Amino acid sequence: MTFDPTPAFAAHLDAQDPLRDFRSRFLIPPAPGGGESLYLCGNSLGLQPRAVRAALDQELNTWAELAVDGHFDGPSPWMHYHETLAETAALVVGAKPIEVVVMNNLTTNLHLLLTTFYRPTPTRYKVLMEGGAFPSDQYALETQVKLHGLELDDAIVELVPRPGEHTLRTEDIEAKIAELGDSLATILMGGINYYTGQVFDMATITQAGHAVGATVGFDLAHAAGNVELHLHDWDVDFACWCTYKYMNSGPGSVGGAFVHERFAHRPDLLRLAGWWGHDADERFKMQKGFKPMAGAAGWQLANGNILTLAAHRAALALFAEVGGMGPLRRKSEQLTAYLEFLIHRLELPASRLEIITPTDPAARGCQLSLLVHQGGRELFDHLTQAGVVGDWREPNVIRLAPVPFYNSFADVQRVGEVLAAWAAQ
Ligand SMILES: *Cc1c(COP(=O)(O)O)cnc(C)c1O
C-alpha cells in the first residue's frame, strides 16, 4: 500500500477499517491540553475496556449480597471462575484450553514454570536467553540458577546482536543452540523483546532447542494479544504472560501460563504445589498427598483473585468478539507500517534517529522503538506536551505502539505531525 501523510488519507483508512467501532469500547484518556490523548502506550498498559467496570460491579455485588456463598452461587460462582477464562485465553495464544491457566502474575508464573522445566544436571545445566532481556526475567533466571547451586556466569548464556546490529538473527540463535548442544538445559526468551520490539522465530527456536534435548519456554509479555501465536503447534514446552499490556486487563492484573499438552498427564513432573492445583474433585477433602489437576491447571497455587479475573474476562471477551488475533493483526500491520512511513518521511540521518525494530512485518508487532541519538529526552517531552503517550526506556529509546483495538489511523497521522514539528525545529 502507498501511504500518504494527510488527514484525509488517514480518515479514508479509518472509514475502511472493519475494526473501527472497537475504539468506542475503550476509555481513551484525556490529553492535558483537552481532547483525547494520542495513546501509543498499549505495550506498557493497555486501555480500559468499558465493560470492565460492570464486570467488577457484578463481583462486588455478589460479595455484598451473597458473601461466602458467592463461591458456589451467583451469576458466576468464584469456585469455577478461572475455568471460564481458559478457552478465550487459549484462543489468543494459539493453545488448547487444557494447556492454559490464568493465575498469579507473570514473574510468579515464570518461577513456577522454571522450577518444573529447568532441571539442570551436572552436564546439562546451561540456560540460553536474549541479552538485555526484561530485568524481571534476568532476576528470575539468576535466582533459579543460584537455587541449583550453579555459577551465573557459567550457567547463563546470553545472545547478543552482531556488532553494528540491534536485533538477533535467527541463524545466529540456531548456531548458538547447536554449539551449546548437550550442555543446554533450557531456552528462555521473550516472544518479543520489550526494548527492540523484535519478534523471535519461536517455531524455529523451539525446534532447534528440542533437537539438542533442551526445554523451550517464552515470556510472552509483549507478544500475547499483539501477534499471532501458535504455542501448541510450535510445540513450545512452557510460556507465561501478563495481561495488562496488549490484553487490556488492568494494572497488575492476573497473568497467564501455558504448559504443552504433552505434559498434561504427568503428575510426576516436579512443581511447587498449592491446593488450587490439586484435583478439583478432592480439593475440599483437605487430605494429605498432592495430586495435580491435568494440564496447566495443575500448576495453580492459590484460589484466584476474582476482581482481576473479572477485569481480564471482560477484556478477553473482546478478543473473542473481534474473531481472534487474525483481524487484529491485519490492522496492526497497517497501523505500524503507517507510523513507520511517517517517521521515514522525516528524513532524519541515522546519526540522529533510527528505528531499531525490524522492518519485516513478520519480525515485529505493534511497537516501533526509536533510538534517538541526539535530544531523545527533548523529543519525548515534545511528544508528551502534544498529548502523545509513548514511553521512554533508558538510555535513549522511545517506544511507540499503535494498538489495533483502539488506535485509529488518524491517531497515527497526528503523531506523525507532532514528530514532523520536532524534526523541523
Ligand atoms: C512487562 C514485563 C514483565 C513484568 O512482569 P510482572 O511479573 O507482570 O510484573 C516481565 N517480563 C517482561 C518481558 C515484560 O515485558
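Heads up: numbering here begins at 1 and tracks the sequence. As the structure is a prediction and not an experimental result, all values here were calculated from the model. Indexing begins at 1, ligand by ligand and atom by atom, following the structure's order. Any value given below was found using the heavy atoms of this structure, including those in side chains, with hydrogens, waters and symmetry copies removed.
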*With hydrogens left out, which residues have an atom under 4.0 Å from ligand 1, given that only heavy atoms count?*
L106, T107, F134, D137, D219, A221, H222, C242, Y244, K245
*Does R124 reach the main-chain N or O of L184 with its side chain, forming a donor-acceptor pair under 3.5 Å?*
yes
*Could you note down all residue pairs passing ring pair (Phe, Tyr, Trp, His ring centres under 6.0 Å) where residues 354-378 supplies at least one of them, sequence neighbours left out?*
none
_side chain to side chain donor-acceptor pair (under 3.5 Å): pairs with one or both residues in residues 94-105, sequence neighbours excluded_ = K96-E261, E99-H232, N104-N109
*Are H148 and Y118 close enough that their ring centres sit under 6.0 Å apart?*
yes
Could you list the donor-acceptor pairs under 3.5 angstrom formed by side chains in residues 381-390, with sequence neighbours left out?
from : atom 1 : to   : atom 2 : distance (Å)
H382 : NE2    : V418 : O      : 2.8
T384 : OG1    : F380 : O      : 2.9

*asked:* Can you confirm if the aromatic rings of W299 and F258 lie within a centre distance of less than 6.0 Å?
replied: no
